[in-house]
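Order of appearance sets the numbers: ligands from 1, and atoms from 1 within every ligand. Heads up: numbering here begins at 1 and tracks the sequence.
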Amino acid sequence: THGLCMFDSHRRLIICNDHYAKMYKLPAELTTPGTALSAILQYLIGKGTFVETSEETLNGTDTFAANGNGKLVKAIQDGRLIAISHQCTADGGWVAIHEDITERQKAEAHITHLARYDHLTDIPNRVFFRDELEKTFQQLHNGKKFAVLCLDLDRFKGVNDTLGHSIGDKLLNAVAKRLANCVKEHDFVARFGGDEFAIIQANLDRPEDGGKLAERIIERISTTYEIENQQIDIGVSIGVAIAPTDGTNVDQLLKNADLAMYRAKEDGRGAYRFFEPEMDARIQARRALELELRSALVAGQLQLYYQPLVNPRSGEVRCFEALLRWFHPRLGEIPPSEFIPLAEESGLIGSLGEWVLRSACADAAKWPKQFRVAINLSPIQFRNLNLVKIVFSSLAASGLAASRLEIEITESLLLEDDSKTIAMLHEFHSLGIRIVMDDFGTGFSSLNYLRSFPFDKIKIDKSFIHDMAKGGDAVTIVKAIVDLARNLKIDVVAEGVETAEQLEYLISEGCTEVQGHYFSAAKPIECFEKVFAQPNGRIEMAA
Ligand code: C2E
Ligand code: MG
Ligand code: MG
């Protein structure tokens, strides 16, 4: 595939191959031995072959080193690129190899493009963005500012899950186009992956201008999209960090814009927030709390409280749900809604969850045999393939019968549709452990989840019980869940029962179990000695 030619010290052709002639479309008379190089070059230049022709081209010396050896690449008018390598011979002539590298160059350019552009939207990716940000920092002159905006779409996951990935992809493309239309010429838009985008807003005169751009983007992005005849509405949350005030290097500035974005999400989405040093402080405080949680277990600051699950007609207690409490020496009682997510993020949930399992089983083993214990397991705990062993060994160590253990999981566990998770649930089931779907109605409430595993019980989330008093939706939903459970022959519990009216309605609908402050809040197990002492385990109402 290479064109080869050899010249003598008088710059006359000794020999060339067919490929050389074809490459330059040389007529036969210019390929005969003895042809002067200058004749060949004059012919080619006359035909306008080269994109650039200089004195050196004509001389055939081009930019090779003084000794005549070396390589160069020539661009040909028809779009080809030819790499020429020169090697001098002992008698003062030279051999030249001409190689058409057009395709190779294209492939290389393609690879470079792939490495720096997002494959879906074809706008710059994170790598390119960081390089550009680095450059922007270097060009930052005295008194000048620029902004970085971190964007995260709201409700994108819902679109992807319900309408499918192909529509999700088209939506992301549409978003990328709208973003490009929002910014000025010198600004830089990139996709970081998923539903995350980022923008460098160059040459800010005043920091407020970062907010103006964010406002414009929020308005544009939340205008309805029409994709494949579907009307789609999403939103966007934006964090803005200004350089150099909020960061003097790439990592710091990006981190702070990200923190501001999370704050925008927390504050209700569809908004933008400027970075404030206080946000960083909050993250630091979280990290400190995470560290303290690590030692809380050893320090005995964690305790299990129990809340009874009651037969609504007879008032008999059947089961106690173990609910974790953290008594912090300085901050007082920290609710599980705060520290469980922290434990999940830090991986601490593994040892914490194991402690809960072992303690709850050990406690329950001491109760009269008609009482079961319910334990909440986090989805993160299911990532540990040893979970089954941990549960079995907790039962074995405590001597608690498997039929007295209930495991509560939430829908989010089944979101990932992991066959390993389902297999674990089946293993628990085969031992006689009951599996409960907690907080039903709050997640995706897909009926598919109820089909993916034969649940023993579903727990209607307390938000519905709470809203029943308002009438409307909540009542309909509660009724529908109770009916559904009855038809599927699954037990149904209502959690968060606080009033006699709620209880009455739930009884009339046929709810088989209730839990809530109406009977008792979660308390230390000693508080239920009276229940244990009663032959039928009945509980008095809390009020
Ligand atoms: P959950 O499993 O849905 O627990 C029910 C929550 O509702 C408990 O909150 C309980 O105290 C509260 N509750 C019960 N009755 C009433 C009522 O009548 N009114 C109101 N307003 N609330 C009521 P708690 O103890 O704060 O726990 C919150 C969540 O933290 C639990 O929700 C559970 O998801 C999680 N959690 C608690 N302990 C553990 C644990 O040991 N492991 C894991 N993985 N998660 C836990
Ligand atoms: Mg629960
Ligand atoms: Mg619940």
Side-chain angles (χ1 to χ4, degrees), residues 293 296-297 301-310 312 317 319-327 333-361 363-364 372-384 387 390-391 394 405-413 434-443 445 455-469 478 481 492-503 506 513-525 527 539 541-543:
L293 183 55
L297 193 61
Q301 294 165 8
L302 296 177
Q303 195 186 340
L304 281 181
Y305 271 28
Y306 290 93
Q307 187 179 32
L309 281 82
V310 183
V317 176
C319 180
F320 288 93
E321 177 174 8
L323 293 162
L324 196 52
R325 295 289 177 265
W326 179 8
F327 299 95
E333 188 176 336
I334 301 174
S337 55
E338 241 172 70
F339 71 83
I340 296 283
L342 215 58
E344 288 178 332
E345 280 164 33
S346 61
L348 211 60
I349 193 73
S351 48
L352 221 61
E354 184 167 348
W355 179 84
V356 169
L357 260 165
R358 293 195 184 280
S359 314
C361 287
D363 283 350
R372 292 193 295 261
V373 65
I375 292 167
N376 294 285
L377 289 190
S378 144
I380 312 290
Q381 289 177 270
F382 279 82
R383 293 195 197 148
N384 178 0
L387 179 64
I390 294 169
V391 171
S394 306
L405 178 62
E406 298 192 347
I407 287 178
E408 298 196 358
I409 60 162
T410 53
E411 275 176 291
S412 55
L413 178 66
R434 291 159 58 90
I435 308 293
V436 183
M437 166 82 85
D438 202 356
D439 301 341
F440 191 71
T442 50
S445 304
F455 286 92
D456 297 286
K457 199 194 272 189
I458 47 186
K459 232 186 213 194
I460 309 172
D461 190 70
K462 56 178 171 290
S463 57
F464 297 105
I465 310 302
H466 182 260
D467 291 348
M468 275 188 336
V478 169
I481 299 178
V492 58
V493 202
E495 69 177 7
V497 178
E498 293 177 351
T499 68
E501 292 74 49
Q502 291 167 344
L503 183 68
L506 291 164
E513 219 168 40
V514 290
Q515 172 183 16
H517 293 168
Y518 183 71
F519 291 101
S520 170
K523 290 179 185 168
I525 196 67
C527 300
I539 189 166
M541 290 172 325

Ligand 1 N/O within reach of Asp439 N/O, cut-off under 3.5 Å: yes
Minimum-distance N/O/S atom that Glu321 presents toward the Mg ion (ligand 2): OE2
Under 4.0 Å, heavy atoms only, figure out whether ligand 1 is touched by the backbone of [X], its side chain, both or neither.
{"X": "Asn376", "value": "both"}
{"X": "Glu495", "value": "side chain"}
{"X": "Asp438", "value": "side chain"}
{"X": "Leu324", "value": "both"}
{"X": "Gln307", "value": "side chain"}

If you measure from each heavy atom of [X] to ligand 1, is any distance below 4.0 Å?
{"X": "His466", "result": "no"}
{"X": "Glu344", "result": "no"}
{"X": "Gly353", "result": "no"}

Sub-2.8 Å protein N, O or S atoms surrounding the Mg ion (ligand 3): Asp438 OD1, Asp439 OD1, Glu495 OE1, Glu495 OE2
Considering all heavy atoms, the nearest Ser351-Leu297 contact: O-CD2, 4.3 Å
Heavy-atom pair with the smallest gap, counting every atom of Ile390 and Arg358: O-NH2, 4.4 Å
Basic-acidic side-chain contact under 4.0 Å: Lys459, Glu321: yes
Nearest neighbour in protein (non-hydrogen) for atom 6 (C) of ligand 1: Lys462 NZ, 3.4 Å
Residue pairs fulfilling salt bridge (Lys or Arg N to Asp or Glu O under 4.0 Å) with at least one residue in residues 335-350, sequence neighbours excluded: Arg286-Glu345
